[in-house]
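Below: one structure, written as structure tokens.
Every heavy atom of this structure was used, including side-chain atoms; hydrogens, water molecules and symmetry mates were not. Position 1 is the first residue of the sequence; numbering continues from there.
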Amino acid sequence: MNKFKDLSPRYAAKRQYVVDDFHGVKVADPYRWLEDDEADDVAEWSNHHRKYFEDYINNFPIKNELNKRITELWAYEKCNAPKYVNGKYYTWRNNGLQNQFVLYVSDKLDKTGKIVLDPNTLSDDGTVAIGSYAFSKNGRYFAYGLSNKGSDWQSIHILNLETGENMPDILHHMKFSGITWMPDDSGFFYTRYPEPAEAVMEREALFSMVCLHRLGTEQSEDLVIHKNDGEPNWDFRVEADEEKKWLFMSVTNSTLPVNQLHYKPIADLSAPWEIISDNFDEGYFPIGVADDIVYIHTLKDAPFGKIISLVLTGSDKGKSVEIIPEKNKTLEYAYIAGGKILINYCEHAVSTLFLYDIDGGGEIEIPMPAPGTVYSISASQSRNEMFFQFGSYLYPAAVLRYDIATGEMSTQFMPKISFDFGAYESKQVFYTSKDGTKVPLFITKRKDIELNGKNPTLLYGYGGYNVSMTPSFSVNTITWLEQGGIYAVACCRGGNEYGEAWHRAGMLESKQNTFDDFIAAAEYLIDEGYTGKEHIGIQGGSNGGLLTGACMVQRPDLFGAVVVGVPVLDMLRFHLFTAGRYWTGEYGDVTIEEHFNFMYRYSPLHNVKINTTYPPTLIMTADTDDRVVPMHARKFCATLQAADAGENPILIRIEKSAGHGAGKPTAKIIESSADVLTFLLANLK
């Protein structure tokens, strides 16, 4: 018997009689007690399982080898796209193994410059990270949010860029807030919650509100620009055009790409909000203003997205014109750059960049180095110089510079990594899902691997929240490839690879399509000889944790190992915790009987079957994750361990002082990466 199989009865999860009634259906919840983060018995259970996992994973000598190799590969200089502000270039850099990126400033592109802000000095373990940030219009100030231990909550601080000193202003009670400066650098707009926001259990409504903070004043004196006491779950975010003349407010009540959009002149904040959209049926996202005309990326009557214009003032106020019509590819992001409209399209899960004249004519495609992903675009309306990051599975994230006027492309920064990229290949195929839908699948491997059905293969997926799975570079991926593994990524429905219709085909009552797509990807890899059932592992995080959890419960016979990362697994109670109330648009609302029926049908926690042999499973969470709270992982682990009839390890890794993933220190990333790859290699035979 596996010496790590048995749990001492002292630590085996106790069961309690808890039964809920959902529309006449009785649902047991015996591990409800594992929801309480502050309870002593939960801490005891967690500490035992933390030690249990450490004993297990450290039993494999390859763990140290992987940790060493990942550290070697990770130790390369990294650089984000520079941002031009008032004659200077600001760039986030990392010398290789720093826990957090450091902000530098230089007056020339070919110089690293001097340090402006180093978050690594703010904590001993690197768990204080930068969240939201914004430079003031005239470049005098830098406002930045700090989060601790991966929390979504942030406090805003202000750095005087001329003196290098922090101002005494510190603002609290922010989560997911943007920062928008006034035109004269005198203050900024932000979104906050009433006191004591962080202290509440967050099962209560929070009531978002937009405020204006004036530098040198107390937060209690901030002017409330907008709130709605009748709508506790509405969230407000504001942004301004580049010249800081117009203030736009987006109102959301879910994570869906739909919103209300309002605007007013910044010079007259007492003026009423003008309405662009006052419903939650469409999406309107401003990309810039030119000559008092706002250009908007919208999904109205265009599931792939299009660009329209709207006159903000004068005799033609409210007049709207279609500038760039919907195309047969997804409009991911758009900007006004150098007097032109810059669009990042996603076409068959690959990024493409196009430039258009401000009236929509003169289409120009910006060539990419390889099929991959464009991100971190840095551009302004008044400058022809723009920067962006580009990466792919075998193309480390480089910074490219493009001259809009001349069309000249140059490499601003190229990472140097000790890896034989030429020995590997990456390709895209299309496989058929259960209902006949064609789904993209990326496969990366050594060129000389024999397709004998025995190769350890890692299949990754997400499939939700209209997030596209475009190719990206990862040290984890190339470490896996070095070990002889094959890496595959399925672009399941629920993402944005083919527009909003693709997204909606994998949400609510259609969520099962996402799981069917992922299962079909695994079957394709097996049928084509890449791997076999004993040799294929699956991995996903957050909504991707729901994906892998649901698939392993539905098809425990199909996988050799499963990694369920920071997952949503209790589909009947997720809405009661932190940001979960905003996910009902994506998953459903259990108070509606029709929604309960389809959510209960696939909820991983509620579909674990007793006396079933489940594959080796690693569930991953963090004790301070306040986005997808750790109760999901704890309850799922206890349920699986009680039901499992086999000898395979069912493990939970509970990380200390970490959140959902954003701002995670490099040291913690390397450690968790080594643990995951060790687990996979140890169990994929």
Trp480/Leu680 under side chain to side chain contact (heavy atoms under 4.5 Å, CB included): CA gap, chis, key distance, verdict:
CA-CA 10 Å; Trp480 176 255; Leu680 289 168; 3.9 Å; yes
Should Phe636 and Pro604 count as side-chain neighbours, where that means a heavy-atom distance under 4.5 Å?
yes
Hey, what's the ring geometry for His226 with Phe236, parallel, tilted or perpendicular (30° and 60° as the breaks)?
perpendicular
Counting distance only, does the side-chain N/O of Ser468 pair as donor-acceptor with the main-chain N or O of Thr470 below 3.5 Å?
no
Would you say the side chain of His575 lies within less than 4.5 Å of the side chain of Val590, judging by non-hydrogen atoms?
yes
Is a donor on one side and an acceptor on the other found under 3.5 Å between the side chain of Lys511 and the backbone of Glu586?
no
Hey, are the side chains of Leu546 and Thr514 touching, using non-hydrogen atoms and a 4.5 Å cut-off?
no
If we ignore angles and hydrogens, is there a donor and acceptor under 3.5 Å between the side chains of Asn496 and His503?
no
Could you give the distance from CD (Gln539) to CE (Met620), rounded to the nearest 0.5 Å?
7.5 Å
Would you say that Val251 contacts Glu231 through its side chain, given a criterion of any heavy-atom pair below 4.5 Å between the two side chains?
no
Calculate, to the nearest 0.5 Å, the distance between atoms CD1 and CZ belonging to Ile654 and Phe53 respectively.
10.5 Å
Decide if atom CG of Asn279 counts as having more than 12 heavy atoms of other residues, nucleotides or ligands within a radius under 6.0 Å.
yes
Is the side chain of Thr578 donor-acceptor paired with the backbone N or O of Arg627 at a distance under 3.5 Å, no angle test?
yes
Write down the atom of His660, the atom of Val628, and the distance for their closest heavy-atom approach.
CE1-CG2, 3.3 Å
Yes or no on ring pair (Phe, Tyr, Trp, His ring centres under 6.0 Å) for Phe22 and Tyr600, after CA distance, side-chain angles and deciding distance?
CA-CA 10 Å; Phe22 292 92; Tyr600 187 46; 7.6 Å; no
Do Thr437 and Arg493 pair up side chain to side chain, a donor and an acceptor below 3.5 Å, judged on atom types alone?
yes
Side chains of Val128 and Pro119: closer than 4.5 Å at any heavy-atom pair?
no
Please check if the distance between the ring centroids of Tyr465 and Tyr587 is under 6.0 Å.
yes
Atom CG of residue position Asp21 - does it have more than 12 heavy atoms of other residues, nucleotides or ligands inside 6.0 Å?
yes
Indicate yes or no for a side-chain donor-acceptor contact from Asp626 to the backbone of Ser151 under 3.5 Å, with no hydrogens or angles considered.
no
Taking atom CG of Leu261 and atom CD of Glu282, what is their separation to the nearest 0.5 Å?
11.5 Å
Of the non-hydrogen atoms in Thr613 and Ala645, which two are nearest, and what is the gap between them?
OG1-C, 4.0 Å
Any side-chain heavy atom of Asp675 within less than 4.5 Å of one from Lys63?
yes
Would you name the heavy atoms of Tyr56 and Pro649 that are closest together and state the gap between them?
OH-CG, 3.5 Å
Would you confirm whether Ser277, through its side chain, and Gln260, through its main-chain N or O, come within 3.5 Å as a donor-acceptor pair?
no
Verify salt bridge (charged side-chain N to carboxylate O under 4.0 Å, His left out) between Glu509 and Arg504, making sure each step is shown before the conclusion.
CA-CA 9 Å; Glu509 71 278 2; Arg504 292 184 179 271; over 6 Å; no
Hey, does Cys211 have a side-chain heavy atom less than 4.5 Å from the side chain of Tyr190?
yes
Rounded to the nearest 0.5 Å, what separation is found between the CG atom of Leu569 and the OG1 atom of Thr548?
7.5 Å
Main-chain N/O of Tyr614 paired with Asp644 side-chain donor or acceptor, under 3.5 Å:
yes
Which of these passes side chain to side chain donor-acceptor pair (under 3.5 Å) with Gln512: Lys434, Gln554, Arg601?
Gln554
Is it true that a side-chain atom of Asn597 and a backbone atom of Glu593 form a donor plus acceptor pair closer than 3.5 Å?
yes
Using the rule given for side-chain hydrogen bond (donor to acceptor under 3.5 Å, both in side chains), can you reason through Thr252 versus Asn259, listing the C-alpha separation, both sets of side-chain angles and the distance that settles it, and then say yes or no?
CA-CA 5 Å; Thr252 58; Asn259 64 333; over 6 Å; no
If I take atom CZ from residue Phe176 and atom CG from residue Asp152, how far apart are they, to the nearest 0.5 angstrom?
3.5 Å
Heavy-atom pair with the smallest gap, counting every atom of Ala633 and Ile619
CB-CG2, 3.5 Å
Verdict with supporting geometry, Ile526 and Leu558, side chain to side chain contact (heavy atoms under 4.5 Å, CB included):
CA-CA 10 Å; Ile526 293 168; Leu558 186 59; 3.8 Å; yes
Check the pair His606 / Val27 against side chain to side chain contact (heavy atoms under 4.5 Å, CB included), numbers first and verdict last.
CA-CA 8 Å; His606 301 95; Val27 180; 3.6 Å; yes
Chi angles and distances behind the salt bridge (charged side-chain N to carboxylate O under 4.0 Å, His left out) call for Asp37, Arg634:
CA-CA 10 Å; Asp37 293 331; Arg634 292 192 293 247; 2.6 Å; yes
Donor-acceptor contact below 3.5 Å, side chain Asp125 vs main chain Thr127:
yes
Donor-acceptor pair between Thr621 and His632 side chains, under 3.5 angstrom:
no
Under 3.5 Å, is there a donor-acceptor pair linking the side chains of Ser474 and Asn476?
no
Derivation of the side chain to side chain contact (heavy atoms under 4.5 Å, CB included) call for Ile486 and Thr531
CA-CA 9 Å; Ile486 295 174; Thr531 190; 5.8 Å; no
Could you walk me through whether Asp235 and Arg237 pass the salt bridge (charged side-chain N to carboxylate O under 4.0 Å, His left out) check?
CA-CA 7 Å; Asp235 195 47; Arg237 281 185 69 111; over 6 Å; no
Within the distance-only criterion (no hydrogens, no angle test), does the side chain of Asn67 pair as donor or acceptor with the backbone N or O of Ile670 below 3.5 angstrom?
no
Pair Arg32-Glu35, salt bridge (charged side-chain N to carboxylate O under 4.0 Å, His left out): steps then yes or no
CA-CA 6 Å; Arg32 177 76 58 84; Glu35 293 180 355; 3.8 Å; yes
Do you know which of Arg15, Gln16, Lys635, Lys14 makes side chain to side chain donor-acceptor pair (under 3.5 Å) with Tyr31?
Arg15
Beyond-backbone contact of Asn543 with Val568, side-chain heavy atoms, under 4.5 angstrom:
no
Do you know the tightest heavy-atom contact between Ile650 and Gln641?
O-NE2, 2.9 Å
Does Ser123 use its side chain to pair, donor to acceptor, with the backbone of Gly126 at less than 3.5 Å?
yes
Heavy-atom closest pair (Phe559 atom, Ala522 atom, distance to 0.1 Å) is CE2-CB, 3.8 Å
Euclidean distance, Ile179 CD1 relative to Tyr144 OH, rounded to 0.5 Å:
10.5 Å
